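Right, one structure below, let's go through it.
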Amino acid sequence: MAKQIKASDIFEEEDLFKGLRDSALKTIETFDKLSAEMKKSAEEMKKSISATTLSTTTEIENLIKVTGKASAMTEESIKIDKAKAEALKQYAQAEQQLEKIEQERQKTEQQKIRTAEMNKKAEQDEIKRSQQKQKTVQDEANAYKQLSIAARDMKNASKELGAQLLQMEQAGQQGTDAFTELQKQYADVTKEASRLDKELKQIDKAVGDNQRNVGNYESAVVNLKEELRNLTKELMNMDEADPRFQEMAERAGELKDKIADTQAVVNATAGSGMENLAKGLTGVGQIGIAAFQGIESSMALMGVESEALMETMVRLQALAGLADALETLGGLGDKITEIGAAFKAAASKLGLLTIAKTKDVVATEAETVATVTQTAATNGATVATKALRIAMIALPIVAILAGVAALVMYFQDMSKNVSDTAIQMDALAGSAEDTRSALAGTIEQTSKMKTNFDMAREGVISKEQALYEYNETLGDTFGRATDLNTAEEIFNAKTANYVKAIGLRAQANYMYQLQAQELAKGMTAAMEDNSTWYENLGDAAAYQWYSLTGDMEGQMKTMTSAVGREAGKANEIKKEAERRAKLYEEMANNLMKEAMTLDKANGIKTESELAYEKAQAEKEKARKERQRKANEDAKREADRKAQEERKRLQDIAQFRNDILQQIEDMENEYYDTLLPAQTKETNAVRDKYFTLIEYAKQYGVDTTTLEAAREAEILAINKKYNDAIIKQEKDRMAQIAQEEEDFATQYREATQTEYQNQEDAIREKYFYLIETAKKYGWDIKKLEEKQAKELADLKKEKQQEELDKEKEHREAVAEVVNQSFEILKERSEKKIELIDKEIDAAQTQFDNLKELANQGNINAQQSLAEQQKIIAEANKKKAIEERRQQMLEMANTVFSTYQSKVEAGSKTPLADTIKDTALLMQFIKTLPTFHDGTENTGKHGEGVDGKGGFHAILHPNERVMPKNLNDQIGNISNEDLTRMAIEYNNGVLVRKGQANAVASPLEFSLMLNKLDQLNETIQNKPEHSYDVGKITSTMIEFVDKHKKGNTTVYNRYRVRK
Amino acid sequence: MKLYNWIKCQAGELKYARIEGKGTSRQDKMAWERIYDSYLQEYGLTGLHKKAMMLMKEIALIRLEYVITQDRRKLTDAEIKFTRMQTMLENSGVNVTIDQTLIHLSKWLGTFLDSKNITVRQYFNLIEEYGKANKG
């Protein structure tokens, strides 16, 4: 669509007007120079003829020459004067526009300042909002406090209600309404307390409050104890059926363990370094660790030779195995934590051990010790012992101590690593059966193939058969061969790794099974009874005892303890199961990875790969099928589009032909019907009045009234036909405009519908894809991106299509417009041709009448003026038509330029069009201007407002008069009208009723008409120039006298060459 | 000089000023200027002729004045002068050619006058006399 034209398109750049102003100034300067040169020439010419006496041929010739030049120079001077006035006018207009632009600029500047102020205010508002936000945060913190208080109050209320319930229960009021009501209240309050507590915990978690007490173990113990106390109190008041009871009981068990551990650590690290060491070693010794049975005592280690120590350690390993020793150490339970803490404190305080405080950073001498803890897990038990052995080789006595100490200090890590290795070894051993059965089929297959190769070599079976067997059984896995040698080579190269990979996969699968079992075990641990029979028996006896003695607190404690123990055990089982599952998974992954690496390195295809390839091949086939269908659909769509496009082009062509046909019809109607009818009517009026006027002349009657009536009738006829033509053209143009609009609308709707359908199709397709993906929990981001891209591509494609079609449409319209211009121009030329003929005929008539008038024919003399008037009118009509033609040309040029600018993608096509100064000048000149005033604005086209209105350039303080008033004034010039108004005001103008006044308004009107004719004659008089040669060629004059009857006739003659 | 040659020279064909048919255009022009100068000396411009020429001179001077001063009233002055001159010329009689005057003279003399035989001086003298005879 062509851009809508706005005023800013035309006037947005002041350069345009600066250019105009400068151009006007240059023009004025040039004219001034020309005038100055002409003045100089005029002075010289004046001198040359001032003193002439015309007594010689040279003088006469000089006069002739100068006269001609003076005439030409005068005309030039008049032209320059007019052009200069025009340039001055343009200069003034440009200045005015520049001033307007300057005002606009100032307005914009002020607007900018206002905008800046608004921005500043917005910033201040933002600061205020930020402050408000901070205040809100503070309020929220206060809210935390309130929440904390509320939670505490609610908990207290819960406890109070619980106590009341207990009292009622003891009083045997169970089942009463009051009890039920209280129970309900208790449940609600407890629930609310739980909710508030949960909220508080969430907030605490969010702010990392838990981190604040890290390292503060003593305080931690106090907190733990506090929590345990609170928890126990609550449990005592809580119904066992309460879902929170189980959870709280578990927590109580955990707290108890943590308190014991933490307390032991605190005790072990108290005192001097030596005391710490002693505590650590004594601790080990006190519990009689089986792993250290080969050592007399830990302290004795320090006095023994290093070799003996080495042997002792080796024996220790050989005798019990480090794993066993560590397992025994595991029996220490929480005590090991205490001993570890004591060793760590001693090492640090004595400076004897250079073991770093953390197990990740280890100093040089004890490096190997620390390494043990880090690397043991990876490659099996031998690694752990190897690392320990390296530590022994270094063997300063301190290192032995370090070895023992580290063994204890890092018991948990080492124990875990060695234990992991044992688990892994067991698992691998367990997988042997599965591996064997997996390999059985593979080995049978490969052995058979090997036999085939041997048999083929020996000629028992043909080579082709062996090759066929190979390709059929292992071809897909190892790669197909075309000859037996190649097949055997491939077989030999790949078989061993193939078998190995099969075994690895079998092991991996076994590990995955174990992993699944462990996970299942972990998940069901909480559902099973993990307590021993005697534990259960003990709990039952204690509970019974407390029940008999009425010790409710004892009952609760027993129950809590049992639940907590059970929960702790289930938790341990679960953790252990998860640890094992993880181990199995790692092993399975490693084994599978190794198998895949082998396959890849040897170019072996696994069954799953083959299955995958097959599936891929099927998918590819399906894809190709889909592609084929899509291509068919696309072809059908392309055919449909081509069909539509053909139809659209046909529509455009039809539209163009329709429009042109309409214009042609309009022209034909004008020339075939309207124009002949108008001419006929006009001629009839002329004939009628000719006769009447002739009669009037014969009888000496004044013909003025008759002539006026005739002119009025002709004017009415002209008006009637002009109105009819204007209406016809207007209706036709409206019809054309409507048809064009309908055409464009229809086209746009069709395009829009198609676009909408395509867009809907894309959205529908992706809707189902995205929904499916959501159902299966897949990532939908890529789908959404793809959908967005497809929609964007479609939009882009449609926009381009729209542009292309718009261009075609524009070209079609341009063609229509151009052809319309051609037709209108042709029509205009025909009109001019007819007017010319009319003028020629009138001129011939005028010449004849003049001849008759010269011969003394009075009638002819009177008709001369009439004929002159006809010629003048025809000339006027011709001028108007030429003007119209000029405007048509200009409009066509402007339209073409505008079209080309639009096509070139100009953002301001109209402004670009008229920026061309020459074009602008032409454009402005085509507009009628009434700077010097006018008596009649004429028609100037068909009108822009439906009333024949047209654009014109007006100037400040001019007067514009409606048509009805102007009609009353008639053809009086503006100057005359002004003069009359002044004279009337001054009392000079003769008015009715005064002396010598005109008798009637009719006479007054006639007089005005005569004045008008006089004025018109003056205005229309030809430019006077006389051929001087005609005068100089006059040689002599003489008079001829002769008698005609009794009369003497004198004739005066001028002799010419 | 024969009247025929005079008519031709008046029409711009200055080679008719030659006596023996030889000469250049420059020489022709010089010769014609001498001939016309002698005509002016002997007969001078007629009253009407001179008046018209002087009016032309005045018109030219006014127009030049307009070019110098840009005073548009000068154009009106020039128009008035021009109208006067035109009226004067239009009222001065009917235009006739030399050949037509020869018919009048032949009729008056009673003998046919041929432009190729009669000289210029004879022709102008006859015209003078004819004019005097017709003045009533």
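Quick caveat, the model's predicted, so the values are computed rather than measured. Lettering of chains follows the sequences in order, A, B, ..., and the numbering in each one begins at 1.
- Residue A:Thr74 holds its OG1 atom at 11.0 Å from CD of B:Glu65, rounded to the nearest 0.5 Å.
- Proximity to chain B is limited to the backbone of A:Ser55, based on heavy atoms less than 4.5 angstrom apart.
- Closest approach of A:Ile49 to B:Lys57, counting heavy atoms only: O-CE, 3.0 Å.
- Rounding to the nearest 0.5 Å places CG of B:Leu55 at 11.0 Å from OG1 of A:Thr67.
- In terms of heavy-atom pairs under 4.5 Å with chain B, the best-connected choice from A:Thr58, A:Val66, A:Leu54 is A:Leu54.
- Residues B:Ala60 and A:Ala70 approach most closely at O-CB, 3.9 Å, considering heavy atoms.
- Listed for the A:Lys39 side chain is no donor-acceptor partner under 3.5 Å among the backbone atoms of B:Val67.
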Pair A:Met73, B:Arg63 - check side chain to side chain contact (heavy atoms under 4.5 Å, CB included), show working. CA-CA 8 Å; A:Met73 207 182 272; B:Arg63 283 181 169 172; over 6 Å; no
I'd like to know whether A:Thr56 forms a side-chain hydrogen bond (donor to acceptor under 3.5 Å, both in side chains) with B:Asp37, so could you lay out the CA-CA distance, the side-chain angles of the two residues, the decisive distance to 0.1 Å, and finally the verdict. CA-CA 6 Å; A:Thr56 64; B:Asp37 277 347; 5.1 Å; no
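- When heavy atoms are compared at a cutoff of 4.5 Å, B:Leu40 approaches chain A solely by way of its side chain, counted from C-beta outward.
- For B:Lys107, no part sits under 4.5 Å from any heavy atom of chain A, backbone or side chain.
- Rounding to the nearest 0.5 angstrom, the gap separating the OG1 atom in A:Thr57 from the CE atom in B:Met30 is 12.5 Å.
- B:Leu61 CG to A:Lys47 NZ: the interatomic distance, rounded to the nearest 0.5 Å, is 13.5 Å.
- Using a 4.5 Å cut-off between heavy atoms, A:Ser48 does not touch chain B at all.
- In this structure, B:Lys51 places its NZ atom where only 12 or fewer heavy-atom neighbours from other residues, nucleotides or ligands lie under 6.0 Å away.
- Between the CD1 atom in B:Ile68 and the CE atom in A:Met38 there is a gap of 11.0 Å [rounded to 0.5 Å].
- Chain A is approached within less than 4.5 Å, heavy atom to heavy atom, by B:Gln70, B:Arg72, B:Leu75 from residues 69-76 of chain B, ordered by number.
- Counting heavy-atom pairs closer than 4.5 Å to chain B, the top residue among A:Glu76, A:Glu43, A:Glu61, A:Lys40 is A:Glu43.
- Using a 4.5 Å cut-off between heavy atoms, A:Thr52 contacts chain B through both its backbone and its side chain.
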